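Below is one structure, written out as structure tokens; comments come after it.
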Protein chains: 2
Amino acid sequence: MTEMRQLRIPPSLARCTATELTRAPCKNCGVCADSAFGALAPAELKMVKAERRSCVVRRGTTLFNQGDEPQGIYCLRSGHVLLTQTDVAGNETGLRLVMSGELIGFRSFFAEEPHAATARVLTPSRVCLIPGAVLWKVLERNAALARALLRLVARDQGPMQAPFLRGPWLSVRERLVHLLLIIRDRCAETLPDGRLLFDLPLTRREIATMVGVRPESISRAVHDLRAEEIATFNGHRIIASLDRLVAAAKTDRPH
Amino acid sequence: MTEMRQLRIPPSLARCTATELTRAPCKNCGVCADSAFGALAPAELKMVKAERRSCVVRRGTTLFNQGDEPQGIYCLRSGHVLLTQTDVAGNETGLRLVMSGELIGFRSFFAEEPHAATARVLTPSRVCLIPGAVLWKVLERNAALARALLRLVARDQGPMQAPFLRGPWLSVRERLVHLLLIIRDRCAETLPDGRLLFDLPLTRREIATMVGVRPESISRAVHDLRAEEIATFNGHRIIASLDRLVAAAKTDRPH
DNA sequence: TTCCCGCCTTGAGCTAGATCAAACCCGACT
DNA sequence: AGTCGGGTTTGATCTAGCTCAAGGCGGGAA
């Protein structure tokens, strides 16, 4: 318990059982080098590596909750995380589906505001927390990192937040198709027969938050897509034909 | 004409008539000091002031179009600008209503991508363009500016882009009410009798893009709001009672 | 002045998706 | 095995907002 506080693990993680909150040394991790932190000089990278802490979390854990004060930036070394925002009436909106290798929580951190979203773990994940203090220290003297982070934050309003995905212009079926196309390059693998395999344990409710409709509507849309042999949803396996997805999208995704 | 090219005025501005494209010296302008550029040292501020150029543009002018390559950051010294995004099918979405004193175009500039939106002038405006080269030069050595700009960009996904404003959860009437509440503190003045006055020449169509519905629906919602004595829309004048707006919003705006 | 074009308003119908409800499936727990 | 609870499916109904269409208003140009 004392150790956990030392690690600056956010309170929401304190619920984790001992087995999943393994302290991991975080050696030889290339993830950070691939992300915006590629701009770091070796000495600076060493500073970051020395300070950051990693842990393993299971599905359902929240890395942080809407309203929490940011403590730093999270780096998702493996697994999947869903960022959602809930309004006062309790309506949940999916903002971003985070894949392994991506950073989490940086927007609120740099906005210097409480987290505007909740980060919930979808699949067993290994997560690093890079404390804010180190970040500011390194930023102080590395202009290239500043530029890389500005680019990261500026590009954050990704495709999943594209207004056209939620506007009244697309049917539920089209929105679902667009969603698959949007996350395709980051989380789908191509099967030998050319079809796409998405391995994500998304509930109907979670999908619904991402395209702004009700879960029942997703059920019906899924049914339609199967009937038209465009895509099948079996548990956490989604298998789809790229050609038919593109055809069903009708209007190409912009930008 | 040669002078205009010297000024690095974007091509979309080249359409302006001579009278509105006045070259203004941009002296004694406090706007930049109030914005993120407050982090600048006097010498750096002088660099920026030396390089930037200002011009006066009329309603309908576009500062830049979706797809254009960013040339720098615009500073709106006076007037109003609407940022919109259009998808391949021609559906327009209003992203941000820019008020005087605010910066424009910084997101795409720092994303180092073509502009994702079009900036259209709503009321006669005076605009400064701060060329990208100066920005990078100053950023190189001023970590405080980097932090301020990170904050600016991170906070950019403002309330108008809040998902709850477009989701299926709010009626058109409620969305319109929320829109007024959202822009209130930045563009409404309080009349002697306590009511709010918004002085903005917004067409029904422009309002519709901001809340993601059809112009006809706005017409009907406006009619309702007048009937219920919540707000009146006369040309470019919107007069509303704050109390009744808040009551009509039902669910308080989150965050 | 007249014409014209774009914006606004209002009406009438239609339809996609929300809403409510029932039944089913399945894994976790006792 | 039995129970329980959450997720899913499917049906029936309802309604808000889209769509199309017609008419009015107003400002700018010839």
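Just so we're clear, the structure is a prediction, and the values are computed from it rather than from any experiment. In what follows, every chain begins at residue 1, and chains take the letters A, B, ... in the order their sequences are listed.
- A distance of 10.5 Å separates CD of B/Glu228 from NE2 of B/His223, quoted to the nearest 0.5 Å.
- Under the salt bridge (Lys or Arg N to Asp or Glu O under 4.0 Å) criterion, B/Arg96 pairs with B/Glu102, B/Asp156, sequence neighbours left out.
- The distance between atom CZ of B/Arg173 and atom P of D/dT15, rounded to the nearest whole Å, is 17 Å.
- Look at A/Ser217 and you'll find a side-chain N or O under 4.0 angstrom from OP1 or OP2 of C/dA18.
- Contact detail for B/Arg77 and B/Cys128: the closest heavy-atom pair is CD-SG, 3.3 Å.
- Going from atom CG of A/Leu170 over to atom P of D/dC18 covers 14 Å, rounded to whole Å.
- Closest approach of A/Ser125 to A/Thr123, counting heavy atoms only: OG-O, 2.5 Å.
- Rounded to 10 degrees, the angle between the two end axes of the helix from C/dT1-D/dA30 to C/dT30-D/dA1 is 40°, with five pairs used at each end.
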Between the protein and nucleotides 8-10 of chain D, which nitrogen or oxygen pairs come in under 3.5 angstrom?
residue: D/dT8; atom: OP1; partner: A/Arg204; partner atom: N; Å: 3.3
residue: D/dT8; atom: OP2; partner: A/Arg204; partner atom: N; Å: 2.9
residue: D/dT9; atom: OP1; partner: A/Arg204; partner atom: NH2; Å: 3.3
residue: D/dT9; atom: OP2; partner: A/Arg204; partner atom: NE; Å: 2.7
residue: D/dT9; atom: OP2; partner: A/Arg204; partner atom: NH2; Å: 3.4
residue: D/dT9; atom: OP2; partner: A/Ser219; partner atom: OG; Å: 2.8

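- Per the geometry, CH2 belonging to B/Trp169 stands 11 Å off P belonging to C/dT19, to the nearest Å.
- Between the side chain of A/Thr118 and the backbone N or O of A/Gln66, at least one donor-acceptor pair lies under 3.5 Å.
- Atom-to-atom, CZ of B/Arg166 to P of D/dG17 comes out at 15 Å; the value is rounded to the nearest Å.
- Judged by distance alone, with hydrogens and angles left aside, the side-chain atoms of A/Ser241 form a donor-acceptor pair with the main-chain N or O of A/Arg244 at under 3.5 Å.
- Scored by the salt bridge (Lys or Arg N to Asp or Glu O under 4.0 Å) test, B/Glu216 finds no partners at all (sequence neighbours excluded).
- Between the B/Arg53 side chain and the B/Leu129 main chain, no donor and acceptor come within less than 3.5 Å of each other.
- The distance from atom CE of A/Met99 to atom CZ of A/Arg186, rounded to the nearest 0.5 Å, is 4.5 Å.
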Discussion item. Assess the residue pair A/Thr209 and A/Glu92 against the criterion (side chain to side chain donor-acceptor pair (under 3.5 Å)); give the C-alpha distance rounded to whole Å, side-chain angles, the decisive distance to 0.1 Å, and a yes or no.
Written reply: CA-CA 6 Å; A/Thr209 67; A/Glu92 208 176 347; 5.7 Å; no
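- Rounded to an integer number of Å, the gap from B/Arg214 CZ to C/dA12 P is 22 Å.
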Item to complete: Heavy atoms under 4.0 Å is the rule here; annotate nucleotides 23-30 of chain D 5' to 3' with B where the base is hit, S where only the sugar-phosphate is, and - elsewhere.
Response: --------
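- Regarding B/Asn234, its CG atom lies at a distance of 15 Å from the C1' atom of C/dC7, rounded to whole Å.
- Going from atom CG of B/Leu97 over to atom CG of B/Leu95 covers 11.0 Å, rounded to the nearest 0.5 Å.
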Using a cutoff of under 3.5 Å, can you pull out all pairs of nitrogen or oxygen atoms linking the protein to nucleotides 25-29 of chain C, with atom names and distances?
none

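- Between A/His115 and A/Phe64, the ring planes are parallel. Angles under 30° get that label, and only those over 60° would be called perpendicular.
- Side-chain N/O atoms of B/Asp199 and B/His236 include a donor and acceptor closer than 3.5 Å.
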